[in-house]
2 protein chains.
Amino acid sequence: MKLKLISPASYRTHPSPFESDLRSDGKRMTPQRKKVLSLFEEIGSGIHLSAEEVHSKLTISGEKVSLATIYRTLRLLVKMTFLNELDLSEGGNRFELLSHDHPDHHHLICIRCGRTEEFENNNVINAGKAAAKNFGFKLLESSLNVRALCPKCSNK
Amino acid sequence: MKLKLISPASYRTHPSPFESDLRSDGKRMTPQRKKVLSLFEEIGSGIHLSAEEVHSKLTISGEKVSLATIYRTLRLLVKMTFLNELDLSEGGNRFELLSHDHPDHHHLICIRCGRTEEFENNNVINAGKAAAKNFGFKLLESSLNVRALCPKCSNK
DNA sequence: TCCCTCGTTGCAAACTGTTCTCATTACGCT
DNA sequence: AGCGTAATGAGAACAGTTTGCAACGAGGGA
Ligand SMILES: [Mn+2]
Ligand SMILES: [Mn+2]
Ligand SMILES: [Zn+2]
Ligand SMILES: [Zn+2]
């Protein structure tokens, strides 16, 4: 039994927020851009990938996107606030889906194995706000990185 | 009129903390190491220099130390806890004299001109401690970086 | 539907910040 | 003063990221 095909008109889905944001800025939707954002959406928030990891994950699943394009796309997605960039000193910066549920979380990083846990704390956010206000700065973003050893790496 | 020369014995000053820490570890005091630490001590705490800046400051004042040695010395001084290393995403890491008066300060950085202000906030430190405890991690160091625009860069 | 334009891609080369290699120098112990 | 070995200088190597450029292709108009 064959499924009834949806009429061509209904294929014209409303463009995703990503697509419409792009369009309104004279930019274009491309398969590469779709693939990068989809990857983050599929794995969900709370995962922190480097550019290289994004590249190899796409490559492994048969999608080939050049590394240069991945860098360009990640930068774009950060500027468009779909992704958040973490500047962890070791081994390249990492990117994560910007979750609307946990917009202002911070990171606890095991410097040995790279395991990263997230946490939220309003005091931290307020500390950043207070400091910015105090010096007349306009706050953009505040990030607390806690460098530590996870239980596994802690005992030798 | 000639000044009376101090007797040779009095030249034997007690070694600095730096020098004795080095010695007790089989390491040696060198003119290069003296120059790098002295530079930080002369300019005082609250100044955040990149390796390149340390290099050019020394070069300008006629002291030549190779860039490789500067990197090696900075790493050493951080390990010996004379310096603190900041991982600010833009333009290389920076180093500052570790001040015993303000051991746990955080940084407010203008992402346009690089102006950096320091602030202290116990809530931040406690947030890091709490997060580490919560996940069973052993805390090493926590640093809050507030990215912002300074008043000057803020109005266009 | 075909076209044209101009934003985007892939590739390699360039770049930036940092570490490494290795021959040479020199600290510090006796 | 002589010796063993840690440290230095110079440049090559390196990792992560950006850029230049020719080819490509998304998507609005005819
Ligand atoms: Mn996160
Ligand atoms: Mn500081
Ligand atoms: Zn670990
Ligand atoms: Zn500024």
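Residue numbers start from 1 in every chain, and the chains themselves are labelled A, B, ... in the order their sequence lines are given, proteins ahead of strands.
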Closer than 4.0 Å, any side-chain N/O of A:Tyr71 to the OP1 or OP2 of D:dT18?
-> no
Under 3.5 Å donor-acceptor, B:Arg94 side chain and B:His48 backbone | yes
With nearest nucleotides of DNA chain C determined for B:Ala68 and B:Arg23 from heavy-atom distances, which residue corresponds to the more 5′ nucleotide?
-> B:Ala68
Side-chain atoms of B:Arg28 come closest, of C:dC27, C:dG7, D:dT18, to C:dC27
Give A:Arg72 one of three labels, base, sugar-phosphate or nothing, depending on what nucleic acid heavy atoms sit under 4.0 Å from its own.
-> base
Show the numbers, then the answer: is there a ring-ring contact (aromatic ring centres under 6.0 Å, His included) between B:Phe95 and B:Phe40?
-> CA-CA 9 Å; B:Phe95 299 82; B:Phe40 280 97; 7.3 Å; no
For D:dG25, does either OP1 or OP2 sit under 4.0 Å from a side-chain N or O belonging to A:Gln32?
-> no
Can a salt bridge be assigned to the pair A:Glu53 and A:Lys57 using a cut-off of 4.0 Å between side-chain N and carboxylate O?
-> no
So does A:Thr30 get a side-chain nitrogen or oxygen closer than 4.0 Å to the phosphate oxygens (OP1/OP2) of C:dT9?
-> yes
Result for 5'-nearest mapping on DNA chain C, choosing between B:Leu67 and A:Leu76, is A:Leu76
Residues B:Glu141 and B:Glu85: closest non-hydrogen pair is OE2-O, 4.4 Å
Mapping B:Val65 and B:Gly26 onto DNA chain D by nearest heavy atom, which one lands closer to the 5' end?
-> B:Gly26
Proximity to the side chain of A:Asn93 - top-ranked nucleotide from C:dC20, D:dT17, C:dT9 | D:dT17
